[in-house]
Each structure stands twice: as C-alpha cells, then as structure tokens.
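What follows is one structure encoded as structure tokens, with my remarks underneath.
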2 protein chains.
Amino acid sequence: MTPVNLKSLSEQLNLSIATVSRALRDSHEVSEATKVRVRALASALHYEPNAYASSLRRNISKTIGVVIPKVANHFFALAINGIEEAARQSGYHVLIYLTHDDYEREMSIVQHLKGGRVDGLLMSVASGTQDFAHLRSLKDANIPIVFFDRVCAEIETAKVTTNDYESGYQATEHLIQAGCRTIAHLLISNNLSIGQFRHQGYLDALTANDQAPDPDLVMSGVMDNEQNVALIRELLLRRPDIDGIFASVERLAISAYRVCHELQRRIPEDVKIIGFSNLEAAALLDPPLSTITQPAYDIGREAAKILLRAVEKKKAVLSTQSVVLESTLFARQSTGS
Amino acid sequence: MTPVNLKSLSEQLNLSIATVSRALRDSHEVSEATKVRVRALASALHYEPNAYASSLRRNISKTIGVVIPKVANHFFALAINGIEEAARQSGYHVLIYLTHDDYEREMSIVQHLKGGRVDGLLMSVASGTQDFAHLRSLKDANIPIVFFDRVCAEIETAKVTTNDYESGYQATEHLIQAGCRTIAHLLISNNLSIGQFRHQGYLDALTANDQAPDPDLVMSGVMDNEQNVALIRELLLRRPDIDGIFASVERLAISAYRVCHELQRRIPEDVKIIGFSNLEAAALLDPPLSTITQPAYDIGREAAKILLRAVEKKKAVLSTQSVVLESTLFARQSTGS
DNA sequence: TTTATTTACGCAAACGTTTTCGGTAGATAG
DNA sequence: CTATCTACCGAAAACGTTTGCGTAAATAAA
C-alpha cells in the first residue's frame with residue numbers, strides 16, 4: 001500500500017510536487033482546472049498533509065500549549081472548554097499539561113515546550129512557583145505566553161483575570177452585611193497573586209467596616225484536601241467566635257462545609273460561608289452555597305483569543321492587552337439570604 | 001542570535017551533526033569523553049531538539065490524542081488527569097479535542113488526526129455518533145485507538161469501561177430495597193452503549209424483583225440542560241406515582257434535584273434518587289446524593305497505559321486487552337439511608 | 001514586428017533530525 | 001607482515017512540506 005502524500009499524488013496526476021502542494025493551498029499560481037483535478041484525487045484518497053513536515057518547514061505548529069495546575073476543578077475544566085473552542089475556530093490544536101501545583105514539573109514542561117512544539121502558551125502558574133526564570137526564557141525562545149487566572153505579575157505579557165480584589169471585597173462585605181463579626185479567610189496559597197488580591201479585598205472590606213483584621217483568622221490551604229479539612233477544623237475549634245468564612249477557592253469552601261457538618265456548626269445560623277466556586281451544584285448544597293463565580297469559560301476563551309491573535313501576527317503579546325472579566329456574586333442560603 | 005540546533009552545536013564542538021545527535025541519544029558509537037563534551041554544551045545552551053524534525057524523520061510523534069464529548073464534567077476531568085499522568089510518565093504529550101457530542105465535529109477531528117499528528121487515540125464517542133466509518137478508517141491509517149467509558153462496540157479494539165450493567169442493576173435494586181415501586185430511569189442517550197448496558201441492568205433488576213418495566217418511565221436526556229429540566233418536570237408531573245429515580249449520568253441527577261426542589265417533592269420521602277456521579281460535593285448536597293461513582297482517574301490512566309503499550313511496541317490494540325473497572329455505590333440520604 | 005507582462009508550472013533547496021553506510025586509526029591475531 | 005576486529009566518527013540520504021527562482025508559452029503593449 002503506497003503512502004498517500006504529495007509525492008504519490010503528483011505522480012498519479014503527472015504534476016510536480018510543488019504544483020500539487022500549491023493547488024491544495026489554493027495558490028493563485030495554479031490554474032483552476034488543475035486545482036480541481038488535484039482536489040478530486042486528494043479527497044478521493046483521503047489525503048491528509050503531514051503536520052510535522054509542514055510544521056518543520058514553515059516553523060509553525062498550529063498548536064498551543066495549556067499549562068495548568070489541575071483539571072479536576074470546575075474552573076479549569078470550563079476554561080479549557082473556552083480555550084479549545086477558540087483554538088478550534090482558528091484551526092489550532094491544544095496540548096495540555098498538568099503541573100499539579102509542582103514547581104519542578106512546571107519548569108520541566110516549559111523547558112520542553114521551548115523546542116518549538118507550540119506556537120504559544122496559555123498558563124495558570126503553579127502555587128509553588130516562586131522563581132520565574134523559566135517563564136522569562138520563553139521570551140527568548142520567541143514563544144508568546146498569556147496568563148489566565150493565576151497570573152505571574154513579574155512577566156511582561158497579557159493577563160486574563162477576574163476582578164479578584166473587588167470580588168474579595170464584595171464577598172467580605174456581603175458577610176459583614178449578613179451580620180458577621182469574625183470573618184476567617186481561607187486562601188489558596190500566599191504566594192499566588194490572585195490570593196493576595198482577594199486577600200487585600202478582604203482586608204480593605206474589614207477596615208472599611210471598622211473591623212480589625214486579625215492574622216489569626218487567615219489560613220492558607222495546602223495541596224492535600226484531608227490536610228485542609230484538619231486545618232479548618234483546628235481553626236474553628238481554636239476560634240469558636242468565627243461566624244463567617246470567606247473561601248478563596250472552591251476546594252476550601254467544600255472542606256469548610258464538611259468541617260461544619262462534622263462539628264455540628266449550623267450554616268448559616270452559626271457560621272456563614274461564601275466561596276469562589278464554579279460548581280453547578282452550588283445551589284443544591286445543604287444549604288445552598290453563596291458563591292463568587294468566575295466567568296471561567298470566557299476567561300479561557302479570551303486568553304486563547306489574545307494569544308492566537310499574537311501568534312498569527314507573529315507579534316509579542318503586550319501587557320496592555322490584558323483583560324479583566326468580572327465575577328458574579330450569587331447570594332444563597334449559606335450567607336443567610 | 002544563532003539558532004541552537006544540532007548544526008550549531010556540531011560547529012562549536014568541531015564534530016559532525018551525526019555524532020552530536022548520537023551523543024545526545026547516548027549511542028554506544030560515541031566515546032564517553034565526547035558525550036560529556038556534547039552534553040555540557042547542549043545543556044549550557046539549553047538545547048531542545050526540534051520535536052517536529054524528529055517526528056518527521058522517525059515517523060513517531062510521541063503524542064496521543066484524546067477525543068471526548070466535553071471536559072466540564074467531573075468524570076472526564078478526572079479521566080484526563082489519569083491520561084495525562086500515564087502519558088507524562090512515558091514521555092508522551094496529550095492533544096485534547098472536544099466533540100460537544102456532535103458527530104460532524106467528531107468526524108472532522110478524527111479525519112485530521114489521520115495526518116499522523118498522533119501516535120494513538122483515546123476516545124469516548126459522541127452520543128450523536130451512529131456511523132463508525134471514520135473510526136474504522138483509523139485502522140487503515142495504522143493509528144491505534146482505545147475507547148474508554150463511551151465505547152464503540154463495532155470497532156475491534158481495547159475498551160476500558162466500568163461495570164455498567166451491574167451498576168445499573170445494583171442502583172435499581174438499591175432503590176427497590178429502599179421501598180420504591182415506580183422507578184424512572186433517566187439515561188444519557190439511547191444509542192450509547194453504556195446507556196444501553198445500564199438500562200439493561202435497570203430492566204433486569206426490575207423483573208428480578210417482580211416489577212414490570214414501563215417504557216413510559218424511561219427518559220433519554222438531550223444536550224441542553226434546561227431542556228432536560230423541562231423533560232424531567234413533565235415526567236414527574238405526568239407520573240406522580242414515581243417514587244424512585246435512577247439517573248445514568250450526573251447532569252440528569254442534578255437536574256432531577258432541581259426539579260424536585262422546584263416541585264416541592266421531598267427527597268427521599270417522596271422520591272428517592274440515585275445517580276452516576278463523580279461529584280466531590282455529592283455528600284454535601286441537600287440531601288446527600290447516593291451515587292454510583294466510577295473510578296474515573298483509573299479509567300483514564302488504564303486506557304492510556306494500554307494505548308501506550310501498543311504504541312511503543314507498534315502493535316495493534318486487541319479487544320482482549322479490554323479492562324472493566326468497578327464502580328462503587330455510595331448509599332446516602334437521597335435514597336433514605 | 002518586437003518587447004513586456006502574465007499565467008502556469010517545474011526544479012531544487014531548504015527545515016532539523018535520524019540513520020545507513022561507510023571509513024580510518026589503532027589494536028590484536030595469525 | 002598481513003588480516004581481522006573494534007572503537008569512533010563523518011558524509012549523505014532520507015522524512016514530507018513549502019517556497020524562491022527559473023522558464024516556457026500565451027497574451028498584451030509598443
């Protein structure tokens with residue numbers, strides 16, 4: 001069985017390889033008649049151009065990489081959805097890599113990607129990442145990068161985020177309005193920019209409402225869920241006066257629910273809870289969870305579109321192209337409404 | 001800035017391209033001394049081999065494709081996690097494609113992939129797919145494929161699934177044990193093999209317990225969630241005698257919850273519900289949802305491992321390599337326990 | 001008529017890697 | 001002193017595409 005490539009096509013058509021290639025790319029240097037002949041045979045034999053040969057020659061892979069901490073998280077799942085959609089529309093392929101919030105893995109992935117396997121990169125940095133040299137070096141390799149959600153402030157490029165500060169502020173104020181006097185903040189990891197923004201919103205909302213921020217009420221989560229549950233349990237036992245919880249990330253809100261159920265703390269009577277979450281079932285929880293919901297799909301899609309624009313034009317991505325998409329606060333029963 | 005490739009390396013080292021290539025691949029035809037020299041310079045200059053050149057020459061892409069209906073679904077998210085893990089361990093990359101349960105899209109994706117972009121394919125077929133010619137043609141293109149979860153019985157290859165029939169049987173019997181006399185089955189789509197298996201389990205459990213199956217109690221879901229809600233509402237209103245619901249897929253279980261809340265049907269007093277689900281928060285729902293939980297991560301990982309074994313050995317994947325991983329039934333309050 | 005210009009196509013060189021087929025120098029064996 | 005072997009290395013041909021350049025014929029302009 002002879003392979004079906006430009007060579008075999010050209011032989012059957014009595015044309016040169018060059019002409020067949022041009023015909024398939026609809027070049028104006030080929031007569032309409034030949035184009036018809038070529039296309040007919042190509043589709044009859046189900047010809048598919050070899051992506052790697054093409055990529056090698058054109059130095060373009062029509063592929064973008066997505067590097068995220070994990071996918072088993074509704075936010076990232078939705079974001080991928082948006083990314084894939086945008087990529088598909090522009091004829092791009094999507095390579096996916098999970099860091100599991102591990103710095104070493106993130107570095108090794110990025111290093112590999114510099115080999116030209118991707119034309120551009122979308123990224124949500126790992127919580128463990130402190131050093132950004134590996135990201136900076138992407139610039140040298142001429143691979144544009146766009147951050148989404150968990151951005152890296154130190155790198156000069158476009159970032160797609162939600163209004164983290166305002167959301168943190170709103171969430172906290174929502175708890176205060178609901179009557180909370182001692183509000184704990186469960187945040188992802190203290191070296192993540194979005195965590196810091198949300199935390200600053202929390203702090204500012206407290207002081208704006210004459211409540212003194214108390215570092216003892218701030219807990220930063222870890223990777224392991226069971227460990228988080230233990231930490232939250234300890235926090236609630238140590239500070240029985242806590243009557244409000246603001247969780248910066250879905251996982252911690254869920255864990256807080258578990259601990260409250262376990263400790264027989266009634267929600268919202270004893271403790272009110274609000275958390276960042278993209279959980280569809282949030283309204284079906286016991287009680288329905290008040291959420292700040294990020295436009296995850298749009299964040300992914302927007303980030304991909306910005307990246308693809310840069311890739312297509314072979315221009316660098318600029319910080320000025322950054323976009324902030326607003327989250328929505330859904331007040332439900334867990335905060336008393 | 002000169003590019004860093006084999007040519008530039010070889011020039012700086014006063015070696016031939018061939019030797020540099022061999023040194024980096026740790027060939028025995030190169031002296032240890034030269035290897036050290038080569039590796040030193042390569043890592044100093046952060047040399048990354050061009051993946052496309054290598055793929056073109058070796059006719060191997062070190063990439064697998066994953067084609068799934070959607071990612072915003074806990075099952076698939078977890079499966080991807082397992083897939084990525086297995087791929088990473090073997091040095092493979094993962095391309096991801098979403099069909100959104102659309103046959104046309106699935107076909108076009110598969111067609112593109114025959115260009116040699118991937119060494120193998122993992123797939124969960126779209127619910128709309130009836131014709132399998134596009135999948136069969138992968139055999140001709142010599143691209144091995146392994147199905148997981150939503151398999152295609154007509155294609156001769158390995159499949160990784162859960163024990164769908166038994167799970168459907170168990171779930172139904174669980175409802176019967178809980179006292180249900182009129183059990184509805186909400187299934188994904190009637191032309192999906194897993195739906196059929198689960199449905200057969202449902203039917204057999206009914207007859208084994210002297211309950212006559214009633215086609216009027218069987219509803220097959222559609223793509224749109226709101227539409228599903230409407231369908232379920234209509235079903236519950238038309239058949240007020242329904243006292244048990246078995247949902248073959250997470251989305252439908254959630255929708256059933258919404259409808260029950262809306263119609264003031266008490267769970268589990270009026271209606272008992274059990275559903276396939278990988279939702280972490282299932283235990284936190286109101287009331288906690290009884291679930292049949294598939295080992296999603298393991299299903300993805302196992303499927304990937306089988307595929308990669310075949311790819312590495314350049315052998316076809318056999319049906320005999322199929323694996324069935326058991327789901328677990330978690331009895332919670334929604335079925336009265 | 002001659003001279004430009006256009007149209008349609010082919011030749012051959014890239015792209016960066018891997019691999020086959022040698023080739024040379026030195027060591028060992030006969 | 002030749003023959004065989006081993007250990008290293010290089011030249012060059014692939015892999016399938018794209019593309020700059022050349023060119024013949026056909027047409028238009030002079």
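Residue numbers begin at 1 in each chain, while the letters A, B, ... track the order of the sequences. Everything numeric in this text was worked out from a predicted model, so none of it was measured.
- What separates CG of L56(B) from P of dT17(D) is a distance of 9 Å, to the nearest Å.
- Residues of residues 9-33 of chain B that place a heavy atom closer than 4.0 Å to DNA chain C, in numerical order, are I17(B), A18(B), S21(B), R22(B), R25(B).
- Distance, K7(A) NZ to dA14(D) C1': 11 Å, rounded to whole Å.
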What side-chain donor-acceptor pairs closer than 3.5 Å can you find for residues 296-304 of chain B, not counting sequence neighbours?
none

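- The side chain to side chain contact (heavy atoms under 4.5 Å, CB included) test with L135(B) is passed by exactly one of V67(B), L121(B), V125(B): V125(B).
- Within 4.0 Å of T34(B), counting heavy atoms only, lie sugar-phosphate atoms of the nucleic acid but no base atom.
- R57(B) places its CZ atom 16 Å from the P atom of dA12(D), with the value rounded to the nearest Å.
- Evaluated for a side chain to side chain contact (heavy atoms under 4.5 Å, CB included) with L41(B), the options V36(B), L13(B), V20(B), L15(B) yield exactly one hit, L13(B).
- One can place CD of E48(A) at 10 Å from P of dT17(D), the figure rounded to the nearest angstrom.
- One atom, CZ of R58(B), and another, P of dT20(C), lie 12 Å apart when rounded to the nearest Å.
- Computed from coordinates, the N59(B) CG to dT17(C) P distance equals 18 Å when rounded to whole Å.
- Remark: C1' of dT18(C) and NZ of K62(B) are 15 Å apart, rounded to the nearest angstrom.
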Applying salt bridge (Lys or Arg N to Asp or Glu O under 4.0 Å) to K305(A) and E85(A), what does each step give before you reach the verdict? CA-CA 10 Å; K305(A) 281 168 105 173; E85(A) 183 67 23; over 6 Å; no
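- Checked against the 6.0 Å centroid criterion, the rings of Y97(B) and H93(A) qualify as a close aromatic pair.
- Partners of R57(A) according to the side-chain hydrogen bond (donor to acceptor under 3.5 Å, both in side chains) rule, which considers only residues two or more places apart in sequence or in another chain, do not exist here.
- Residue Y47(B) places at least one side-chain N or O under 4.0 Å from the OP1 or OP2 atom of dT17(C).
- Straight-line distance from the CG atom of L6(B) to the P atom of dT18(C): 6 Å, rounded to whole Å.
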